[in-house]
Amino acid sequence: MTASRPAPRIRPDTRARRQHLLMLAPYLVGLVGLMLLPALVTLALAFTEYDLLRPPTWVGLDNLTALVDDPIFRVALLNSLVFAVVAVPLRVLVALGLALLLHRRAPGVGTARTATLLPTAVPEIAYGLLWLWLFNPLYGPINQLLRLGGEHGLTVLGRTPPPWLTDPTSARAGIILMSLFTMGETFVVLLAARRALPRDVYEMAALEDATGWDVFRRITLPLMAPVLALLAVRDAIASLHFTFVPAFVVTDGGPPPYATTYLSLFVYQTGFEYLRYGYAAAATLVMMLLTVAALLVQWRLIRRYRRFYQV
Amino acid sequence: MLLVAGSLTEPGLPPSPTPQLVPDPLSTTGYQRAVELGGLLRASLNSVLVAVLAVPLSVLVAALAGFALARLAPRTTTVVVAASLVALMVPATALLVPRFAIFRFLGLTDTLVPLIAPALLGTSPLYVLVYYLAFRAVPADLYDACLVADLSPLRTWWRVALPLVRPVTAGITALTFVLTWSNFLDPLIYVYDRDLFTLPLALRSLSLLDPTNFPVFLAGAVLATVPALVVFALAQRRFLRPDD
Amino acid sequence: MKPKSLLALALCATLALTGCGSGASGPDPVKLLVFGAPEELGAYRTLIEAYQDARPGERVQLIEASDRKDLLARLATSVAGGAPPDVFLMNYRFYGQFAAKGVVEPLDQRIAGSTLDPADYHPVAMDAFKWEGAQLCLPQNVSSLAVYYNRTLFTRYGVPEPKAGWTWNDLVGTATAMTRDARGLVIKGTEAEGAARLPAVHGLGVEPSIIRLAPLVWSNGGEIVDDPVKPTRLALDSPAAREALKNLIDLRQAYGVVPSDAEVEAEDDESRFLNGRLAMLMTSRRATTNFRTITGFEWDVAPMPVYRQPVGVLHSDAYCMTTGSKNKDAAWRFMEYAMSADGQRIIAATGRTVPSHIEVSRSPAFLDPDQPPRNSQVFLDAIPTVRALPTVSTWPEIEDLSYGILENAIHRGDRLDDVIRELDVKSRPMFARGEHG
Amino acid sequence: MSGLTLAGVSAAYRDATVLHEVDLAARPGELLVVLGPSGAGKSTVLRVVAGLEPATTGRVHIAGRDVTDLRPGLRNVSMVFQSYALFPHLSVAENIAFGLEVRDVPRRTARERARAAAETVGCAGLLGRRPGQLSGGERQRVALARALVREPDVFLLDEPLSNLDLTLRVEMRAELRALHDRLGATMVHVTHDQTEALVLADRIAVLRDGRVEQVGTPEQIWRTPASTFVARFVGSPAMNLLPADAAVCRTGDAPPLPEQPLEVGFRPEAVTLDAAEGTPATVDRVEVIGEDAYAYLTLAAGHRVVARVPAARRPARDESVRVGVRWADAHLFHADSGRRYVP
């Protein structure tokens with residue numbers, strides 16, 4: 001019974017309590033002072049017209065109604081959602097594939113794991129610069145590689161290599177491609193989750209002479225489903241944020257008109273370039289509402305799988 | 001295939017930022033120009049200074065807060081954890097202006113302090129939550145043993161809890177370092193003085209160079225990436241090993 | 001180490017940093033916010049050094065933004081945060097939003113009480129920075145578009161160099177004649193992507209933007225907006241404007257003399273020119289600094305081609321003082337210096353600008369025959385004909401919008417009617433939100 | 001004087017009361033075993049004494065001091081946890097010396113005392129190792145040494161033997177008893193294992209649902225269980241319990257039953273299968289454990305009874321036997337309250 005006792009709690013010993021609060025204090029100061037208060041201020045400004053230069057004036061819900069009619073905002077919203085729908089499953093799948101491939105001990109696995117994690121460590125700006133070069137339609141390594149064996153700047157298949165930064169679809173694909181390599185955190189979690197799976201289940205499967213695919217489909221996937229779902233939701237939330245630097249540095253929201261203008265970039269542009277801070281704040285509000293919705297989904301998932309996945 | 005691409009792309013970065021078709025005979029000029037134009041040396045120093053101060057402070061704050069959360073009454077914990085989750089959803093752009101006002105009020109604009117200040121919230125509330133979960137996973141008996149031995153919470157944290165979550169600390173240190181190192185929006189807004197520019201900001205000015213100047217900005221990117229890679233590689237040895 | 005000492009150490013480190021961060025003693029330096037490529041920023045550093053040498057005790061701090069967007073973000077944030085820079089440099093096309101919002105300090109009184117004589121400066125530039133009758137900023141330069149060309153290439157291919165008074169058709173003809181493949185043969189670059197032969201040299205480079213389009217439209221007798229003072233819409237649907245726009249689009253779509261979008265993305269026009277792979281480039285004086293690093297060939301400038309009458313478009317950046325500045329007198333002293341003949345000469349020497357100071361602009365500081373382009377007079381000749389674009393406060397948004405649409409028009413070949421309608425429909429709400437001076 | 005007193009102590013976890021006004025005392029130098037099934041509140045008793053849980057009512061005295069409001073560290077108790085709670089990142093020596101260092105005992109002294117404590121429990125050879133490299137028994141010793149080194153007023157042991165295998169448990173049980181005899185310290189030992197309690201204890205406190213059911217020497221607990229609960233909890237297989245008026249053949253000196261609803265309890269040892277006038281019964285099954293055998297019977301009236309017989313003379317399955325109960329070894333309980341009937 002001792003072992004099953006839930007979270008450790010001490011009696012309300014005032015000395016210990018005071019010390020614990022003291023330990024929490026710097027974080028609380030930071031959390032409230034540097035995050036919650038500023039965020040609250042900004043969200044309050046969502047109901048004002050504010051250009052950063054003159055005092056804000058109260059406009060109620062005008063900004064939100066204007067957002068609904070704003071074609072650029074709608075495009076940005078759509079872009080963000082499409083990104084989440086396409087990139088997030090891909091990221092999770094890639095991470096899952098790598099985790100399954102690399103969970104065993106084998107020669108070279110350590111190096112491969114390190115290699116998988118490294119892109120995550122590259123500073124965003126440097127990462128953007130790198131891809132700016134990789135994507136260069138004429139001189140970039142990707143297209144040079146694609147052109148290998150072909151003639152006159154065509155690929156072997158006789159088609160033009162993708163014009164990464166000038167065609168809307170290619171550009172979106174490019175941003176997604178960029179994001180695929182930075183799934184290091186997801187990978188680590190999945191790796192740990194895969195290792196936590198009970199070994200006897202797999203031994204059982206081996207006795208049954210199940211094929212690799214069967215094992216994956218009937219054992220690994222169902223067992224890891226809760227973790228996968230959680231990671232997907234987390235990634236979807238994060239995708240609202242991590243589209244910013246690629247779009248800012250690499251594509252600048254283009255190709256025209258707004259192929260890679262994501263919500264994050266939209267907020268930055270309207271707020272800081274067009275000085276419509278109140279309006280941008282309203283878009284932020286929408287962004288956060290979306291996040292809350294995603295979090296609610298996640299919360300339900302957690303509740304559903306609590307037994308599975310003890311956080 | 002993706003794995004190969006993923007593993008080769010990054011490590012393949014430092015040696016040859018020069019493709020075959022465009023002749024660029026002087027490969028070190030890229031580095032020279034990057035250093036001259038971007039003021040990369042000075043910027044690196046600033047980045048190092050910020051990282052050296054911010055990363056330990058950040059890990060300290062996160063570890064302390066995570067521990068306190070794991071040990072405080074459930075009600076307090078719930079409130080703080082919920083607030084942290086909310087904070088995680090706030091986009092960085094929403095914070096720039098109000099934070100600027102705060103730092104100006106404190107007279108700290110145009111110093112490196114605003115770049116270090118996020119350390120106060122452990123760089124990201126996520127890391128506090130990770131610590132919270134890690135400390136909560138420590139067997140309750142160990143904490144009780146400390147109580148019986150009359151350890152103050154602070155000493156319990158230092159002597160017992162922290163050593164037990166070393167892999168977590170390694171991971172969080174690495175992530176904090178990378179985040180701090182690549183922080184870009186904050187210096188863009190808060191730092192005026194060229195002498196206080198950090199690496200990402202210097203890189204930003206390089207990113208405006210023409211695409212054919214890629215040896216220059218790739219050189220900059222490489223310079224900026226190497227320290228982060230080293231830290232990450234060192235740390236990941238620690239946080240991947242224990243379950244090996 | 002005991003935990004307490006660890007905490008103490010961290011605290012001390014932070015405090016120490018705060019201490020050293022707040023830095024030097026004495027009065028606060030004048031903060032000057034500018035943006036530019038790394039080379040351009042060097043010019044401002046030179047100016048500041050000269051000023052500090054000339055006026056001991058004065059200090060100016062340069063705040064560098066890497067591009068206009070960074071500058072806007074910084075300026076807006078710092079104004080909102082209550083600590084704006086004292087002086088910032090801003091193009092007249094973008095200063096409208098700051099002027100309209102009372103961020104820029106009117107300078108008439110200071111001008112009246114100083115040695116600075118407004119008559120010394122090109123009036124078209126001074127007028128561009130008047131808002132509701134008040135002089136808000138002091139233009140440091142007055143520039144217009146010109147056609148930079150690679151003389152060496154023209155000589156090699158035996159094509160006559162562009163000369164004053166040439167027409168749009170001349171331009172197209174020249175550009176076509178200069179678009180060559182690797183063997184030096186004239187080719188048509190319309191099917192650049194996937195074509196058997198890619199042009200090694202393109203005839204012309206031109207940005208698909210309103211500022212490039214405007215002088216062409218004006219020259220053809222058309223207008224960009226319905227009312228230059230209080231614009232409510234883009235007026236590109238007039239026959240004159242349509243023609244100019246169509247001709248611009250045809251450069252790519254019909255003649256293939258400008259690089260394709262992929263080619264631009266791979267190597268922008270300025271570097272293409274630098275690398276000797278572009279015969280002509282339509283751009284402002286700003287490119288000069290960069291082009292002076294060219295050693296491999298000779299280059300010069302020619303005036304813009306003409307439809308009916310020569311018209312130029314104003315390019316001008318000005319020093320603006322913020323109303324929130326706490327250091328206005330010192331800031332003014334710096335502005336005076338930057339605007340004086342001395343200051344203007346220093347910036348002119350970098351090649352970046354056409355000085356707004358009339359005398360300096362006619363002096364060797366600008367027309368230095370030893371420094372390319374030899375024909376700098378082109379810029380001066382254009383000044384009497386230049387017109388300014390509207391300074392409505394939402395102009396930055398309108399430019400961004402139109403850039404995207406025009407880029408698609410030129411590279412994708414959208415239907416002309418659609419392009420004009422899209423420009424009109426999408427920009428109207430922006431005009432409606434705008435404030436005018 | 002040392003010793004421990006709980007007076008009217010209640011404790012709650014979340015909103016559920018887990019201890020109900022418990023009165024309990026351990027005399028100085030006594031080894032008190034708190035015995036009870038899971039969820040009886042045994043561990044809570046220890047945790048309240050240690051100060052790890054607050055008492056909602058009542059007072060706790062240790063060595064004559066009222067410690068109810070003191071924090072754990074000031075109560076001068078040592079605790080051995082069920083999981084041993086060794087610090088995995090510290091060596092055995094550091095683990096043992098941990099409590100001393102914290103109290104700023106000089107390093108050298110602390111090390112000497114740690115060594116001494118380790119020798120006392122026989123783990124001196126392990127000082128340089130880490131807990132991860134130790135077996136269960138070794139960890140248990142280290143945990144004991146860590147408790148010893150503090151020289152506390154009271155030792156609290158929370159099921160310290162439950163994680164050991166049977167042989168080791170029996171061995172450690174004896175050592176623990178020997179250790180207690182040598183130290184003469186006050187110990188409170190919590191267990192759910194009645195054998196352990198009977199073997200170790202000076203006195204046993206049987207706990208049920210947060211209430212003390214009975215306190216007494218092992219002898220008293222065995223011979224005169226105060227309630228049906230104690231009677232059935234102590235002893236294996238459990239004591240037979242039937243309505244007193246059930247038709248059972250009573251052998252030996254059997255006084256008349258009082259006229260009230262009672263239950264009768266008797267251990268398997270008190271059952272004989274060859275009573276001449278015995279109650280008829282059938283054998284359901286037989287378990288042989290070495291020299292002994294347990295026969296599970298169903299009486300004619302349907303009651304089930306277990307009997308212990310020598311293995312050599314065990315009945316066969318389905319065999320009919322005649323059952324008698326040695327009445328001298330039978331216990332009477334009130335049928336309603338389950339308390340012992342005292343004539």
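Chain identifiers are assigned alphabetically (A, B, ...) following the order of the sequence lines, protein sequences preceding nucleic acid strands; residue numbering begins at 1 within each chain.
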Reported CE-to-CG distance for the pair D/Met79 and B/Asp144, which is rounded to 0.5 angstrom:
6.5 Å

Is D/Arg59 atom CZ crowded by more than 12 heavy atoms from other residues, nucleotides or ligands, each under 6.0 Å away?
yes

Between D/Leu100 and chain B, which part of the residue has a heavy atom less than 4.5 Å away: side chain, backbone, both or neither?
neither

So do the side chains of D/Phe87 and B/Cys146 get within less than 4.5 Å of each other, counting heavy atoms only?
yes

Is B/Asp150 salt-bridged to D/Arg75, going by a charged N under 4.0 Å from an acidic O?
no

Rounding to 0.5 Å, atoms CG (D/Leu86) and CG (B/Leu142) come to a distance of 8.0 Å

Taking side chain as everything from C-beta outward and backbone as N, CA, C, O, which of these in D/Phe98 sits under 4.5 Å from a heavy atom of chain B? Side chain, backbone, both or neither.
side chain

Minimal non-hydrogen separation, D/Arg146 against B/Ala145, with atom names:
NH2-CB, 3.8 Å

If you tally heavy-atom pairs under 4.5 Å against chain B, which of D/Ala50, D/Pro88, D/Gly99 wins?
D/Pro88

Residue pair B/Leu164 / D/His89, side-chain heavy-atom distance below 4.5 Å
yes

